[in-house]
Amino acid sequence: MTDHSSRLPGFAQASRAERLGILADRLGGNAEALSLLDQPGPIDPGLVDRLIENAIGVMPVPLGLATNMIVDGDEMLVPMATEESSVIAAVCNSAKRCRDTGGFHTSYAGSLTIAQVQLCGLSDPRNARAQILGREDEIRAICDETDPQLTELGGGLREIEVRLVPARSGTMVVVHLVVDTLDAMGANAVNTMAERVAPVLAEWTGARPLLRILSNLADRRLTRARAVWPAEQIGGPEVVEAMLLGAELAEADPYRAATHNKGIMNGVSAVVLATGNDTRAIEAGAHAFAAQSGQYGPLTHWECTAAGDLAGTIELPLSLGIVGGATRVHPVAQLCLKILGADSAERLSRITAAVGLAQNFGALRALATDGIQKGHMALHAQNVAITAGATGDEIEQVAATLRTHGRVSEAEARKALAALRQG
Ligand code: MEV
């Protein structure tokens, strides 16, 4: 492909079949390789074409169910979309170990979404700030008019904040529209409001309006979950102590905190993806929130209760929606919401936070005891067997050999496969 230009005039306007033809030519006329993209799946190719530009197919990600979860007293099955082995097993296992203490208890700060309007070139930023704050009612009227349906449903502008942000070129005025977007993630609603409000702010203040976009640091949409794991469900007081020490490292060291939070997001992003929500928005928000104190830190906190049990809490921003965007039109996302029984963004957020906490418990426990590789490689062995060429029944037989010898590598899998085929 390297000797062809990446300019493909007309590609966007072509039908999906034509796009596949163009791509096949680029692959040296190998249309066969692309038949993979043409297999029937749960999502209509026409829909793919409407969701993104230049669509050629779908990239399927495994979808599984986390069992054993109890969230705010409700038993539930949680759909998770992930390509990583061990992720769902860890949630199932962690959730099972805190069932005796009632599972996960959550709280939700609300569905307030922030949109930013950047105002530049002001010689009197404080004066501009005071001017804008005095005209909140007029700003609310513009926002209400922009999205009357949201206002009718009880959402809309809740407050404005005007921040003075010292930047290299001088002080910038940044106006935050704080909007209750109810059951929507809200990006479209608040971005439109910001675009409508910006020229009016410019007229009032003489500023040059520039960026008008939501903030993914959604700290008005914080969701929390907590759970207590009885010491005897974890492996005793030594394991509780080891897990606490492991968690402490994430508080003290950003190098560990990044990995600690990555593990949390293994669970969070899998629920976000399964429900057709925006994984990047959630990831950006979570990591920005984790750094809000000035030092990047963990999204969870762990303590020993007076009874010697392990109590965990998680707090993170979750801009999730159950209406609008891909969630509304993607049939698998709709099905996942149905399985979850999530009839509001609030419910979805609470469940997602609980999964993040469960995931972190599982990783910490594994790391503080056997290490992560034992469980991970046990599952991963099958993938390695497939990579080495095993098919059908051979996959589990080769994987079993790898597990028995404790060496999970492609070279070992090839050897095991050759031995198996030789009989
Ligand atoms: C791997 O995907 C996630 C972990 O690294 C998380 C952690 O270290 O806490 C196991």
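By convention here, the first residue in the shown sequence is residue 1. Order of appearance sets the numbers: ligands from 1, and atoms from 1 within every ligand.
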Exercise. Hey, what do you get for CG (Asp38) to CG (Leu34), rounding to the nearest 0.5 Å?
Worked result: 8.5 Å
Exercise. What are the atoms of ligand 1, with element, lying closer than 4.0 Å to any heavy atom of Ile372?
Worked result: 10 (C)
Seminar exercise, completed: A student checking ligand 1 against Glu84 at a 4.0 Å heavy-atom cut-off should list atoms 1 (C), 2 (O)
Exercise. Should you measure from each heavy atom of Lys262, which atoms of ligand 1 turn up under 4.0 Å away?
Worked result: 1 (C), 2 (O)
Exercise. Side-chain donor-acceptor pair under 3.5 Å between Arg221 and Thr181, yes or no?
Worked result: yes
Exercise. Heavy atoms only: which of Asn261, Asn266, Thr259, Asn360 is nearest to atom 5 (O) of ligand 1?
Worked result: Thr259
For this session: Using a strict cut-off of less than 4.0 Å between a Lys/Arg side-chain nitrogen and an Asp/Glu carboxylate oxygen, indicate whether Glu283 and Arg280 qualify as a salt bridge.
Result: no
Seminar exercise, completed: If we number the atoms of ligand 1 from 1 as shown, the ones under 4.0 Å from a heavy atom of Ala363 are 6 (C), 7 (C), 9 (O)
Exercise. Counting distance only, does the side-chain N/O of Arg158 pair as donor-acceptor with the main-chain N or O of Asp180 below 3.5 Å?
Worked result: no
For this session: Report the part of Arg365 (side chain from C-beta onward, or backbone N, CA, C, O) that has a heavy atom under 4.0 Å from ligand 1; answer both or neither where that applies.
Result: neither
Problem set entry | Check ion pair Arg256-Glu248 (N to O, under 4.0 angstrom) | no
Exercise. For ligand 1, which atoms, with element, lie under 4.0 Å from some heavy atom of Leu367?
Worked result: 7 (C), 8 (O), 9 (O)
For this session: For the pair Trp302 and Trp229, name the ring-plane relationship: parallel under 30°, tilted 30 to 60°, perpendicular over 60°.
Result: tilted
Exercise. N/O to N/O below 3.5 Å, does that happen between Arg256 and ligand 1?
Worked result: yes
